[in-house]
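Below is one structure, written out as C-alpha cells, with a few remarks after it.
Letters go in sequence order (proteins before strands), and every chain restarts at 1.
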Amino acid sequence: MVRPRPILVALAALLVVGVAALGLERFPPPEFETDYVRPTTTAPNPPQGVWEYVDAGVLAVTLVLATVLVLRTRNRKLIFTLMLFCLAYFGFFRDGCVCPIGAIQNVTLTAFDPGYAIPLAVLIFFALPLVFTLFFGRVFCGAVCPLGAIQDAVLIHPVRVPRWLESGLRLIAYLYLGAGVLFAAMGAMFIICRYDPFVGFFRLSGNWEILVFGGCLLLIGMFVGRPYCRFLCPYGVILRQLSRLSRWRVTITPTDCIQCRLCEDACPFGAIRKPTEPWPDKEYKVARRRLAFLLVLLPVLIGAGGWGGYELRQWLALVHPEVRLAQRIYLEENALVEGTTDASDAFRALGRSSDELYAAATQLRDRFGLGGTLLGAFVGCVIGGKLLTLSVKRRRADYEPDPASCLACGRCYAYCPKEHERLKRGREGLIRH
Amino acid sequence: MNEPSVAYRTVRTTAKVAGTFTVLFLVLLVGNLIGTTVIGPLREDRLAAMKVALRGGDPTDEQLAEIRQLDLQIRRNRVWRLDFAHKTGHALLASVVVLLVAGRLMRVLNRRPPQPQNALDVGAEQLREARVSRWAVTAGLVVLGGGAAMLVMVGAPLAFVAAEETGPAYASREDKRLQWHRFRGPDGAGVSIFTNIPTEWDGATGKGILWKAAVPLPGNNSPIIWNDRVFLSGATEQKQEVYCYDADLGRLLWTGDVPISPAAAQARIDPMEDTGYAASTMATDGKRVYAIFVTGDIAAFDFNGRRLWYKSLGVPDNAYGYASSLETHQDRVIVQYDQGHGDEDVSRLYALDGASGRVVWEVKRDVPNSWTSPVVVEIEGRLQLLTLTDPWALANDPADGAEIWRADCLGGDVAPSAIYAGGLVLAIEPYSHMVAIKPTGQGDVTKTHIAWTMDEGGPDVCCPVSDGQYAYLLESHGLIMCCRLADGEKVYEHDLRDNFTASPSLAGGRLYFLGMDGVMTIAEAGPEYKELGKNELGEKCHASPAFVDGRIYIRGLENLYCIGGAVAGDRAD
Ligand code: SF4
Ligand code: SF4
C-alpha cells in the first residue's frame, strides 16, 4: 500500500532540509560562469600509494564476508553491522572515493582515450563487485556499497512503491548509465561523480545543490527504501543483469517454501515476487499478439532512439567544456553577450585562434553525433526490452526474491518460519554438542 | 491495549527530544541563512556605496574610519556566521542520527508479526500489474521522446556550427532576375522583368486582391519574394521578428525570432518614428534569408525558419535610426554600415558569410551615417558594389571589397540609393541634384567620369527608377521629374498631389507610384506623363512594393497584400 502521510511528511521535510543545506553553505564558491567543475567531487583522489591497495584489500575482504553473511550465516544483524562498517570506512573514512559506480567512467575513458591509464585499484573496484555479483547476487549492494549503506541506514518507515511506478522510474538509471558512459567516452565530464548525491555527506562539504539533492534522497529514503539504488544507480543497472545469471543467490527460505505468505510484504525494496498463477486462456492469445507487436516495435524504437540521439548532438555536445568555450567565444565575438569569463580570458591569453577552436568544437559535435546515436539506440533498446519482459509469462512456484531487484539485505529471512526452524535446529545442535 | 514497555517509552521520549532539537537546529540554520543572504548583502551594498562615494574625492579621516569599521564588522559577522553554520550543522547531523536510531528502535520494539492480507485473485493482479507497468514504461517513453523532440525543435544551440549544415549553395544572378530578392528587386533598380503585372484592384471591394494577411509587428521594410515565399520583418523596442508567408495563400508559414543583443538592449535605441525598429529590407540568396534591424542585430534563417546564426554589428550611431537594406552577392550578405559623423572610424562595408555570419571582408569608410542601400550590378562584365554616402559615390569589388572608383558628388543626409541604368550610375543628393557617373574609371573619378549633373532638386527619400531612356524621380510631396538619361535634361514634371515614401517602380512599360495613403498611380513610361489609372488599397503604405510574375506584394501599415491572380502569369522573357 502507498500511504500518503509519510510521503507528505517527507515532502515537507524536503523543503526544510533544502533550506537548511543553504544555511550550511560556506563562503560562496567562486562564480565561474562557464560551469567550471569544482574538482572535489569530480575526480578520483590523486594516487595515494598504499592506501589504494588497502582499500582494494578491504573491498575484497568485505565482499567475502558479505557473501558468507548473506548466503550462509543468513544473519541480518551481522549484515547490517558489516554495512555500517563499510559506510564508515569507504564512505566517511575514505571520502566515498574510489567507488565502483564512478569507476564505470574510468573504465570507459580507458577504452576510448589511449592517453588515459586507469589505476589498478580503480579497475579492481570496478570489477570485483561484478565478479561477486555474477556468482553470488548483489552482495555488494547489500553490505558493502557506502551509497547503499547510507540509504539503508536511514530507512525507518518503508512504504511500498507500486510496481508500475518502479518500472517507469527505473528507466532513469539506464539513461544515467548511458549518459555517464557517453560523456566519459567523449572526455566531456564524469557526470556520475559530479552528481554523486552522497559524497558531500561523506566529506561534510560540497556544492549546496548536491547537498540538497543528497538530503532529499535521504529524506525520501526514510520512507522509500534506497531510492538511489533502485531508480538512479548506473552501476546497479549492470549489477541487475549480472545478478540474474548468478549461480548462488538470496533465497527467503533456507529450505523449501511452504507458501505461508508471511514474507509477502517483508522486502522494503519490493523485490519479493509471488508465485505465478496460470493465465486465463484468452489472455494467451492477446499476449502472443502483443509480443509479436513488441518484437516488431523493438527495432523501430532502437532506430527512432538512434535518430533522436543524433538530432540532439548539439545539446549533448554542450556538456563538453571545449564546445561550451567555443560557444562562449562565438557569442563574445559577435557581441551577443557582454563581458568575458575566466575561461574566455584564458583562451585569449593562450593566443589560440577562434577558428581553430570552432573547428575543434565542430569535430567534437560530430563525434557526439555518433555518440548520441548510440545512446539513443541504447535507450530505445532498453525501453523496447522492458516492454517485452513485461509481456512474457513467468513461471514461479514459490515466494522468491527477484534476482535483479534483490539487494541482498537479508531482511526477509526472519519472516520465514522455515528460517526459524533452521535457527532452532542450529541452536539445538549447538546444545547437543 | 497493552501499556507500552519501559524501553519503548524511553526510546520514544528520546526520539521526541531529538526531533525537537532537530527542528530547533533547522530553525537556527534558516535564521543564519537569512542573515547571510539578506542582511549581509545590505551591509555590503552600503560599504560599496560608501567606497564609490569616496572615489575621486579626498576622504576625511572620519570617513575612512567609518569605512574601516563597517568593513571589519562585515568580515567579523561573516566569519561568525560561518562558524555558527558549521557548529549548528554538526549538531543537526547528530540530532538527526539520534532521531533515526530512535525511530528504528521504536519500530523494532513495536514490531508486529506479519499479517498477510487475504489473497485476492493473484493471477488477475499479476496481469494488471504487468499491464499498468507497460503503460508506465510507455509513459516514460513519451516523456523522453517529447523532451527530445522539444529540444530538437527549439533548435541548434551551437551558434558556431549550426550554419555550416545548410551547404554552400546560392542562387545565380540569372535566378535572381526572376525574383524580388532584395529591396527594389534585382539590382535594386525597382524594375521587374515581368510584363503581366496587374493594373487594377480595389481594396474596398477586394477586387483583384488575391489575399491579405496581418503582419504581427510593425516595420517599414518592403516584402521580398523567392518563388512561393514572401519575407519581411517587424520589430518593436522589445522584439525583432522575421516573417515568412506563403505567396499563394497568404498563410504565415513561420516567424523567426532575432534576439536583441545585450548592447542594444542597454542602449535603448529610440529611432525616429518614420524609421521605426525594422526599416531595413531583408535579402535572400535563394537559400537563406537575412534580416537586419535598427539595433544592428543581424540574423540568417533558412527557408524553413531555422535560425542559422545571429550577431550584433554593434549599436549603430545613427541620427534617424539605421535603415540601409541588405544585398546578397553569391553566398554573402552585404551590409552597408555607415554611422557616426565621419571622423570616428566607425563606418564599415561588410561582406558576411551567409552560412556562418563570419566577416569575409570589411572595408573601413571615413563617412558619416547614411540611409542608402548597397547594390551589386554588372558593368561591362564586371561586378561592382555601389554605395552612396556623404560625400562619395563609391564602387567596390564585391569579391574582396577592394575599391574600384569613387566620386565626390554628394552631401547631407543621403537616402536614395544608387541605380545603374543606360550605362550610368545615378546618385541623388536630396533637395539638391542628381549626378550621372560613368562607372568605368579607377580611383577618384570626380573630375573625369561625371557625365552630367541635373541640379533642379532631388528626392529626399525615394530612389529613382529608369527604363534605360529616362530617369523618373519622385519627391516625397508628390512631384515626378522625368529626365533624359543621355544628358540629364528634364523632360517633364508632374505633381501627383500625394505624399510618398515608397520608391517608384517599373514593370511592363508602366510606372507604379505608391502613395502613403495606399493609392497606386500607374502611368506610362516615356517622355510624356500619361496616367493609366489609380487604385486604392484602403490602408496606409510606407514600403516599396514587390513585383513578381503577375503579382504585386504591398505592405500596408498592418497588413500584407497580394494583388494579382491565383495562378502566376506569363513571363516577359
Ligand atoms: S545499487 Fe548502486 S548505490 Fe545501491 S548499493 Fe548497489 S551499487 Fe551501491
Ligand atoms: S534480501 Fe530479502 S528483503 Fe532484502 S532485498 Fe532481497 S528480497 Fe528484499
Side-chain angles (χ1 to χ4, degrees), chain A residues 16-17 19-20 22-27 153-154 156-157 162-165 167-168 171 175 222 260-266 274-280 283 301 304 308-309 311-312 314-315 317-318 323 326-327 330-331 334-338 358 361-362 365 376 379 383 386-387 390-391 415, chain B residues 25-26 29-33 36-37 78 82 85-86 88-90 92-93 100 103-104 107 113-114 116-117 119 121-123 126-127 129-130 132-141 144-145 148-149 151-152 156-162 164 259 261-263 266 309-314 357:
Chain A
V16 186
V17 165
V19 180
L22 276 170
L24 265 170
E25 171 81 284
R26 305 162 163 219
F27 280 116
V154 299
I156 47 176
H157 190 102
R163 281 287 298 286
W164 61 267
L165 188 58
S167 302
L171 294 178
L175 195 66
M222 288 165 72
C260 65
R261 296 177 44 224
L262 287 173
C263 67
E264 208 169 72
D265 282 327
K274 294 174 188 169
T276 50
E277 298 274 321
W279 286 353
E283 186 59 34
L301 285 178
E311 286 297 318
L312 285 179
Q314 298 217 9
W315 290 99
L318 266 181
V323 177
Q327 174 82 344
Y330 180 88
L331 294 179
N334 290 294
L336 296 172
V337 287
E338 273 178 340
Y358 297 152
T362 307
R365 191 279 319 258
V379 173
I383 293 180
K386 186 80 204 159
L387 287 172
L390 283 168
S391 305
Y415 287 75
Chain B
F25 293 139
L26 274 175
L29 270 177
V30 172
N32 190 47
L33 174 69
T36 336
T37 53
R78 204 189 274 175
L82 191 66
H86 236 223
T88 320
H90 280 107
L92 176 69
L93 204 65
L100 279 175
R104 270 189 102 93
R107 224 178 130 70
Q117 305 292 309
D121 185 350
V122 177
Q126 283 169 344
L127 279 175
E129 235 172 30
V132 183
S133 298
R134 277 193 299 270
W135 280 114
V137 172
T138 311
L141 173 69
L144 274 179
L151 285 180
V152 171
L158 297 188
F160 62 94
V161 287
E164 115 272 4
S261 58
Q266 210 173 39
W309 53 263
Y310 71 106
K311 64 196 291 170
S312 161
L313 296 177

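Most heavy-atom pairs under 4.5 Å with chain B, from the set L165(A), L171(A), L387(A), V379(A): that is L387(A). Counting heavy-atom pairs closer than 4.5 Å to chain A, the top residue among Q126(B), R107(B), R134(B), E129(B) is R134(B). Per-residue counts of heavy-atom pairs under 4.5 Å with chain A were compared for P262(B), G31(B), A263(B), A136(B); the largest is that of P262(B). Counting heavy-atom pairs closer than 4.5 Å to chain B, the top-ranked of the candidates L318(A), T276(A), L331(A) is T276(A). Counting heavy-atom pairs under 4.5 Å between each of E277(A), K386(A), K274(A) and chain B puts E277(A) at the top. In terms of non-hydrogen atom pairs under 4.5 Å with chain B, the most contact-rich of V154(A), L301(A), L175(A) is V154(A). Contacts with chain B were tallied for A304(A), G168(A), A326(A), G308(A); A326(A) has the most, counting heavy-atom pairs under 4.5 Å. The candidate from L127(B), V132(B), T138(B) with the greatest count of non-hydrogen atom pairs under 4.5 Å with chain A is L127(B).
Contact of L313(B) with chain A is not made at all, since no heavy-atom distance falls under 4.5 Å. Heavy-atom distances place the backbone of A153(A), and not its side chain, under 4.5 Å from chain B.
Under the side-chain contact (heavy atoms from CB on, under 4.5 Å) criterion, A148(B) pairs with L312(A), not counting sequence neighbours.
Summarising the geometry, atom CH2 belonging to W135(B) is positioned 14.0 Å from atom CH2 belonging to W164(A); distances are rounded to the nearest 0.5 Å. Atom CG of L141(B) sits about 4.5 Å away from atom CD1 of I383(A), to the nearest 0.5 Å. Rounding to the nearest 0.5 Å gives a distance of 5.0 Å between CG of L26(B) and CG of L92(B). Atom CD in Q314(A) sits 8.5 Å away from atom CD in Q327(A) (nearest 0.5 Å).
With a 4.5 Å cut-off on side-chain heavy atoms, T88(B) and N32(B) do not count as touching.
The two residues Y330(A) and Y310(B) have their closest heavy-atom pair at OH-O, 4.0 Å.
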